[in-house]
Amino acid sequence: MTAPCIICVAITGSLPRKADNPAVPISVSEQIESTQEAFEAGASIVHAHVRNPDETPSSDPEKFAALKEGVEKHCPGMIIQLSTGGRSGAGRERGGMLPLEPDMASLSVGSNNFPTRVYENPPDLVDWLAAEMLEHGVKPEVEAFDLSHILHAKGMADQGKLAGTPYVQFVMGVKNAMPADRDVFDFYVKTHARLFGADAPWCAAGIGASQIVLNEWAIAAGGHARTGLEDNVRLDKTTLAPSNAALVARTAEICARNERPVATWQQARAILGLRAP
């Protein structure tokens with residue numbers, strides 16, 4: 001298999017703190033520096049959240065704008081994907097950064113359980129976020145925490161609520177949601193191919209110890225991979241990851257073992273049908 005593999009780096013997220021791993025980038029300047037290192041290690045997509053100075057999550061469009069500007073300056077061509085996740089804000093506040101017109105944004109199309117709460121994505125909010133992405137030319141990355149989310153993405157695409165073929169990411173290993181189960185993963189891949197076509201690109205993300213497992217499965221199966229300190233702060237049980245770049249480098253090694261070149265940003269944009277930067 002020689003198809004290029006896109007590596008997405010999720011640099012910060014809403015939960016990990018410096019106390020968990022000092023390498024977690026919190027300030028915008030730290031995030032830009034960490035993203036540049038990951039870009040140079042092979043990541044072609046950055047999945048970004050922003051934080052307040054006290055490390056709590058934020059949905060402030062001004063912070064997103066500063067981060068976007070810095071990544072565009074220091075990582076020319078890199079695909080910028082901003083998060084509309086529910087931990088960073090409530091209701092339409094979650095999409096306040098979409099007028100910035102990033103290349104991509106995450107879109108959770110259904111609700112599910114998280115470790116200590118319900119991750120609520122009511123249909124009216126999902127439709128509004130999708131409409132904002134259409135209006136501003138932002139490609140959604142559909143975050144599939146459950147099989148129903150893949151099926152719902154197909155329905156939304158058929159109704160014209162999503163432009164083109166959805167780019168779906170299978171998220172596995174979240175406590176109280178879908179575990180990293182190989183049979184389920186294989187069924188996800190089969191279902192995605194049935195709904196969207198065998199050549200439609202997809203991605204997978206594993207949380208915590210499942211990160212490297214999903215990297216292995218996705219890369220071997222012809223999909224694309226997500227890594228980064230948002231999902232996992234360790235290299236192994238006893239070793240903290242020194243940087244986002246280290247996790248990207250580990251993912252690139254898995255690509256090499258599977259004889260898949262790491263996608264350049266130009267290749268990643270072509271695979272995802274994104275405009276030139």
Side-chain angles (χ1 to χ4, degrees), residues 8-15 26 28 31-32 35 45-52 55-72 78-112 114 117-146 148-150 152-169 171 174 177 203 205 226 228 230-231 272-275 277:
C8 172
V9 59
I11 55 171
T12 301
S14 295
L15 291 181
I26 300 297
V28 169
Q31 289 180 307
I32 293 167
T35 300
I45 301 177
V46 57
H47 173 79
H49 296 242
V50 291
R51 300 281 193 95
N52 296 309
E55 301 192 37
T56 57
S58 171
S59 57
D60 184 353
E62 292 187 4
K63 287 185 171 66
F64 275 115
L67 177 57
K68 180 175 179 285
E69 180 181 4
V71 172
E72 288 172 340
M78 191 178 200
I79 297 166
I80 298 173
Q81 180 190 108
L82 303 184
S83 173
T84 67
R87 286 194 177 100
S88 301
R92 295 189 177 189
E93 181 183 13
R94 288 166 51 178
M97 80 298 290
L98 294 174
L100 297 172
E101 299 185 350
D103 300 296
M104 301 182 73
S106 59
L107 179 64
S108 297
V109 299
S111 301
N112 61 279
F114 266 9
R117 59 186 281 261
V118 175
Y119 182 25
E120 295 186 21
N121 293 289
D124 58 342
L125 177 60
V126 173
D127 286 347
W128 180 80
L129 288 169
E132 284 289 289
M133 293 182 196
L134 278 175
E135 179 178 349
H136 296 291
V138 180
K139 184 177 181 67
E141 179 185 79
V142 175
E143 309 265 330
F145 294 87
D146 183 82
S148 64
H149 300 170
I150 304 173
H152 189 53
K154 171 61 173 173
M156 291 181 70
D158 289 346
Q159 296 168 43
K161 295 178 180 179
L162 303 177
T165 301
Y167 183 56
V168 179
Q169 176 171 262
V171 185
V174 176
C203 180
R226 168 164 142 165
E230 170 177 350
D231 300 337
L272 297 176
L274 295 175
R275 61 183 180 270

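None of these values were measured; they are calculated from a predicted model.
Atom-to-atom distance recorded for His47:NE2 and Asp231:CG is 7.5 Å, nearest 0.5 angstrom. Rounding to the nearest 0.5 angstrom, the gap separating the CD atom in Glu55 from the CD1 atom in Ile26 is 4.5 Å. Note that CD of Gln31 and OG1 of Thr12 are 4.0 Å apart. Values are rounded to the nearest 0.5 Å. Taking CD1 from Ile11 and CD1 from Ile32, the interatomic distance works out to 9.0 Å, rounded to the nearest 0.5 Å. With rounding to the nearest 0.5 angstrom, the CG atom of Asp60 is 11.5 Å from the CG atom of Leu67. One distance of note links CG of Asp124 with CG of Leu129; it measures 9.5 Å at 0.5 Å rounding.
Between the side chain of Arg94 and the backbone N or O of Thr84 there is at least one donor-acceptor pair closer than 3.5 Å.
Of all heavy-atom pairs between Gly85 and Tyr119, the closest is CA-OH, 3.5 Å. In terms of heavy atoms, Ser111 sits closest to Pro122 at OG-N, 4.3 Å. Pairing each heavy atom of Arg92 with each of Leu125, the nearest pair is N-CD1, 4.0 Å. Ser83 and Ser106 make their closest contact through CA-OG, 3.3 Å (heavy atoms, listed as atom of the first residue, atom of the second, distance). Shown here for His152 and Val109, the closest heavy-atom pair between the two residues is CD2-O, 3.3 Å. Minimum interatomic distance between Met78 and Val71 (heavy atoms only, all atoms of both residues): SD-CG1, 4.3 Å.
Residues His49 and Leu15 are not in side-chain contact: their nearest non-hydrogen atoms beyond the backbone lie 4.5 Å or more apart. Using a 4.5 Å cut-off on side-chain heavy atoms (C-beta onward), Ile45 and Leu272 make contact. Taking the side chain as every heavy atom from C-beta outward, His136 and Leu100 never approach each other to under 4.5 Å.
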Please step through side-chain contact (heavy atoms from CB on, under 4.5 Å) for the pair Val142 and Met156, ending with a clear verdict.
CA-CA 11 Å; Val142 175; Met156 291 181 70; over 6 Å; no
Might you work through the side-chain contact (heavy atoms from CB on, under 4.5 Å) test for Leu107 and Leu162, ending with a clear yes or no?
CA-CA 10 Å; Leu107 179 64; Leu162 303 177; 3.8 Å; yes
I would like to know whether Val171 and His149 meet side-chain contact (heavy atoms from CB on, under 4.5 Å); could you show each step before the answer?
CA-CA 11 Å; Val171 185; His149 300 170; over 6 Å; no
